[in-house]
Amino acid sequence: MPIYATEQGWILETRQTGYALGLNNAGRLVHRYWGVRLPYSEDYPVAADPGPWASFNAPAQRALDEYPAYAGASYVDPCLKATFADGVRDVVLRLDAVEQDDDPQRELHIRLRDTYYPLFVTLHYRVHADYDLIERWVTITNAGATPVSLERALSAQWHLPRGEDYRLTHVNGRWLDEMHLRREPLVQGIKVLESRRLTTSHHHNPWFAIDRGSAAEDAGEVWFGVLAWSGNWRLSTEVTEFASTRVNIGINDWDFAWRLDAQQSFTTPSSYAGYTTEGFGAASRRLHDFTRDLVVPHPAEPRKVLYNSWEATAFRVDAQSQLALAQRAAELGVELFVMDDGWFHGRATDNAGLGDWWPDAQKFPDGLAPLIKGVNELGMDFGLWVEPEMVNPDSDLYRAHPDWVISFPTRERTEMRNQLILNFARSAVQDYIIAQLDRLLSENKITFIKWDMNRNVSEPGWLDAEGDARELWVRYVQGLYLVWDTLRARHPAVIWQSCSGGGGRADLGILRRADQIWVSDNTEATARLAIQDGFSHIFPPSTMEAWVTDAARERVPLQFRFHVSMCGVLGIGAHILRWNERESAEAKRLIAQYKEIRPIVQFGDLYRLRSPQLHPFSAVQYVSKDRAEGVLFAFRTLIPDPVELPLLYLRGLDPTARYTVTGFESPRSGYAWMHAGLQVSLNNFQSTLLRMRRINQ
Ligand code: GLA
């Protein structure tokens, strides 16, 4: 049974992990355990009551509160901070009730109540047993008659076993250079990662992996987690003076305020976290499986090979130029043709047009229908780029509604890429965008939408806001989700891609709406290797859209560029009309090969054999769930010759079964491929794709 109660409290179990919490003698709800699943309920540690110690270290500071609120003599980084109408800024939470629901074995809802005020905080837990993940979120309800001001309301605090020798792994970067893996020791104090940009950001991602300093890809304890939220977020790790190590995760409290009126509730986004003894690789695979099966809107659908026009034609799109590209794309084996930016009213450059989501009459005098028909006749689906949250001052929409943008009345509106941000917290904005996109999708046979967001926030004002204008940070994201969800409900077959100047909006919140993510605007294949490696720590390859383009074509061979993109959802973004016959033939062969291995890449298990972030010779392997087939990609960038490349040790095979591997004459056992390894030889900027197949005996 995944969840059960004992005298000591509650135990949540997944296939391999256990998590326990309970009330201590002082009546505090405290964390008891998170780690490997234990055989008996008595094995789980009891809820400790540290008792008084010294005047500088009251119990509030030393207890492992499951959801610490700022109250009493506690100086730990809290999850909740609130001010009551009478000015009291101290929330003392004690158990009120355990709420049962329809699925008591999978869900636990512990309701806490302030000891004086009618403020309720319900901690929600959902066990995803097969994925070894626990989901947590919180609902805060004001059952009183006066408003409560929330100043911080995080989703969860995740406690690690008491100890202070932990190491944090996270990703950072910037536009064109996302997803660098960083590892650093955690020392006493607080380390904060966050976004203040209104969206998830290219710079950090709400994901953590913590180990004891020695975990590797294939071994070692790792505690890991994410936040499913596409707005400002905050992730902090704290090591206290008593060697208690915790992770706080949730909506960023920076410039945050929420007026919780009488009888109103506030619900946080979910955080998902897990534990494994099998290293960083297993941690990723848990997240991959979960995201692929239970998060994205179209779990089982193979992702199509797409062509995207952006790097070929930029804003210079019209039916003729796109059909010429489409013709060639179809010949190569592309399945989905996506017209990027430039197609809508007044859009000749990035100076104008955003907000006016109808076809430009000069470029498309007969609308999009002739182009879509042509694309469909070539046997491909049609997709389109939009950037719904944005507006150019030079647009009909802005001229009609200058008050719809995020801004302060006394400040200049900072334009970035000549654009401003529509305030998606406003219902009029939501209605307008829903109507525009709904019409586009209803009138045209569009099966794929690339939803872009090409700038971050500035002057975060909400003109004529009814409540506290700082609610913008959350209400904007709620509005974004509402618009997206409404459109999804009306057009359920459409596949959406989340893009924000590349990988600026990649998180499990957006993946509930979008099946694919545009990982980076950097399409240079050798740089991309590292970006994709970082991405793979969090997100499955079925969400990782990767195009082959002409970037660095003089140095990086076409096959290498293809192999890099074949590690995720293959797309083409090159100017394919400029490819010569040899290049086109090679592309055709590789696209056909991708279709063969697609089920393994998109739906198998991913193993990182050698990281391109660390090594100029790198490799990644995919194995089908039944372990019958696998694919290995190996890449060499620049290493001075002469060099002997190290052996590659395959992973994930059935040890006792025998497998053939392309290029190796005799079959060997899975055990041998995994432990004796194999040698590949590559020159600089060469890559290889090897397939492994189990021999049925
Ligand atoms: C962003 C995207 C690109 C492209 C352009 C279009 O930069 O990341 O892929 O769509 O916008 O303006």
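In listed order, ligands and their atoms are each counted from 1. Every value quoted in this text rests on a predicted model; they were computed, and no experiment measured them.
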Note: heavy atom closest to atom 10 (O) of ligand 1, options Asn454, Asp521, Asp340, Asn522, belongs to Asp340
So the atoms of ligand 1 within less than 4.0 Å of a heavy atom of Trp518 turn out to be 8 (O), 9 (O)
Side chains of Ser321 and Arg316, donor plus acceptor under 3.5 Å: no
Parallel under 30°, tilted from 30 to 60°, perpendicular over 60°: which one fits the rings of Phe535 and Phe539? tilted
Compute the shortest N/O to N/O distance between Trp310 and ligand 1 and return yes if it is under 3.5 Å, no if not. no
For ligand 1, is there an N or O atom under 3.5 Å from any N or O atom of Cys499? no
Short list, please: which atoms of ligand 1 are under 4.0 Å from a heavy atom of Arg417? 6 (C), 11 (O), 12 (O)
Do any heavy atoms of Met453 fall under 4.0 Å from ligand 1? no
In the protein, what heavy atom is nearest to atom 12 (O) of ligand 1, and what distance, to one decimal place, separates them? Asp341 OD2, 2.6 Å
What is the minimum heavy-atom distance between Trp547 and Gly573, and which atoms define it? CB-N, 3.7 Å
For a ring-ring contact (aromatic ring centres under 6.0 Å, His included) with Phe315, tell me which candidate from Trp343, Phe344, Trp310 qualifies. Trp310
Does Ser500, backbone or side chain, put an N or O under 3.5 Å from an N or O of ligand 1? no
If only atom types and distance count, is the side chain of Trp233 paired as donor or acceptor with the main-chain N or O of Thr200 below 3.5 Å? yes
Tell me whether Arg347 has any N or O atom under 3.5 angstrom from an N or O of ligand 1. no
Between the side chains of Ser395 and Asn392, does any donor sit under 3.5 Å from an acceptor? no
So, the side chain of Ser498 versus the backbone of Arg505: is there a donor-acceptor pair under 3.5 Å, distance only? yes
Suppose we measure from atom 9 (O) of ligand 1 to each protein heavy atom; which comes out shortest, and what is that distance? Lys450 NZ, 2.7 Å
So the atoms of ligand 1 within less than 4.0 Å of a heavy atom of Gly502 turn out to be 8 (O)
Counting only nitrogen or oxygen atoms and a 3.5 angstrom limit, does Asp452 reach ligand 1? yes
Classify the ring geometry between Phe290 and Tyr272 as parallel (under 30°), tilted (30 to 60°) or perpendicular (over 60°). tilted
